[in-house]
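This report concerns only the one structure given below.
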Amino acid sequence: MGIIRVDNIRVYSYHGCLSEETKIGSDYLVNVEVKADLSKAIVSDALKDTVDYVHINRIVVEEMGIPSKLLEHVAKRIGDRIFKELPMVKKSRISVAKVNPPINGDVQKVLVELSLMRGK
């Protein structure tokens, strides 16, 4: 097993329970870690034998473009698409962070992290 990580994918999206959050939008940071058998890629040096991080980034950008009330919901959608479109992935860990959330306090970000396994 090996790990591929795509860290701090920056997107501007419209998630939240407050109506102004879905109108004004906010900055988000998304991290994705996937586990897969990379033994073939180690030998072949071929993109077809690994998990393409460009594909992971595209999934994140597309799913973050669909408004959700909860960060948990968008993180699960990202995970579901990773398992659907990247069959090599056995496990994933996805975090979605809202930067400068509107919570009436001095908070840098709020973050939700999900650990998912294929088939569960």
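Because only heavy atoms are used, hydrogens play no part in the values below, and waters and symmetry mates are left out as well, while side chains stay in.
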(request) Determine which pairs satisfy ring-ring contact (aromatic ring centres under 6.0 Å, His included) with at least one residue from residues 47-104, sequence neighbours left out, and list them in order. (result) none
(message) Which residues pass the side chain to side chain donor-acceptor pair (under 3.5 Å) test with Asp27, not counting sequence neighbours?
(response) none
Quick check: do [X] and [Y] have side-chain heavy atoms less than 4.5 Å from each other?
X     : Y      : result
Glu85 : Ile59  : yes
Val6  : Val60  : no
Val32 : Ile82  : yes
Ile78 : Leu114 : no

(request) Provide the closest heavy-atom pair for Ser19 versus Thr22 in the form atom of the first, atom of the second, distance. (result) O-OG1, 2.8 Å
(request) Could you tell me which non-hydrogen atom of Ser13 sits nearest to which non-hydrogen atom of Gly65, and how far apart they are? (result) OG-N, 4.5 Å
Just by distance, do the side chain of [X] and the backbone of [Y] share a donor-acceptor pair under 3.5 Å?
X     : Y     : value
His15 : Val74 : no
Arg77 : Ile66 : yes
Thr50 : Leu47 : no

(request) Kindly compute the distance separating OG (Ser115) from NZ (Lys35), expressed to the nearest 0.5 Å. (result) 8.5 Å
(request) Output the distance between atom CG (Leu38) and atom CD1 (Ile3), rounded to the nearest 0.5 Å. (result) 9.5 Å
(message) Looking at Glu21 and Lys69, is any side-chain nitrogen of the basic one under 4.0 Å from a carboxylate oxygen of the acidic one?
(response) no
(message) Please determine whether a side-chain nitrogen of the Lys or Arg among Asp80 and Lys84 lies less than 4.0 Å from a carboxylate oxygen of the Asp or Glu.
(response) no
(message) Would you say Val54 ends up clustered with Val30 if hydrophobic residues are merged whenever their side chains have heavy atoms under 4.5 Å apart, either directly or through other cluster members?
(response) yes
(request) Please answer: with hydrophobic residues joined when any side-chain heavy atoms are less than 4.5 Å apart, are Leu111 and Met64 in the same cluster? (result) no
(request) Share the residues that join Ile24 in a hydrophobic cluster, the rule being Ile, Leu, Val, Met, Phe, Trp or Tyr side chains under 4.5 Å apart at the heavy-atom level. (result) Tyr12, Tyr14
(request) Could you identify which residues cluster with Val99, counting Ile, Leu, Val, Met, Phe, Trp and Tyr as linked when any side-chain heavy atoms lie under 4.5 Å apart, either directly or through a chain of such contacts? (result) Leu29
Which atom pairs, one a donor and one an acceptor, fall under 3.5 Å between side chains of residues 86-97 and the rest of the protein, sequence neighbours left out?
unit_1, atom_1, unit_2, atom_2, d
Arg93, NH2, Glu33, OE1, 3.1
Arg93, NH2, Glu33, OE2, 3.3
Ser95, OG, Asn31, ND2, 3.3

(message) Going by the rule side chain to side chain contact (heavy atoms under 4.5 Å, CB included), which residues pair with Ser44 if we only count those two or more places apart in sequence or in a different chain?
(response) Ala46, Asp49
(request) Decide if atom CG of Asp7 counts as having more than 12 heavy atoms of other residues, nucleotides or ligands within a radius under 6.0 Å. (result) yes
(message) Please determine whether the number of non-hydrogen atoms from other residues, nucleotides or ligands lying under 6.0 Å from atom CD of Gln108 exceeds 12.
(response) no
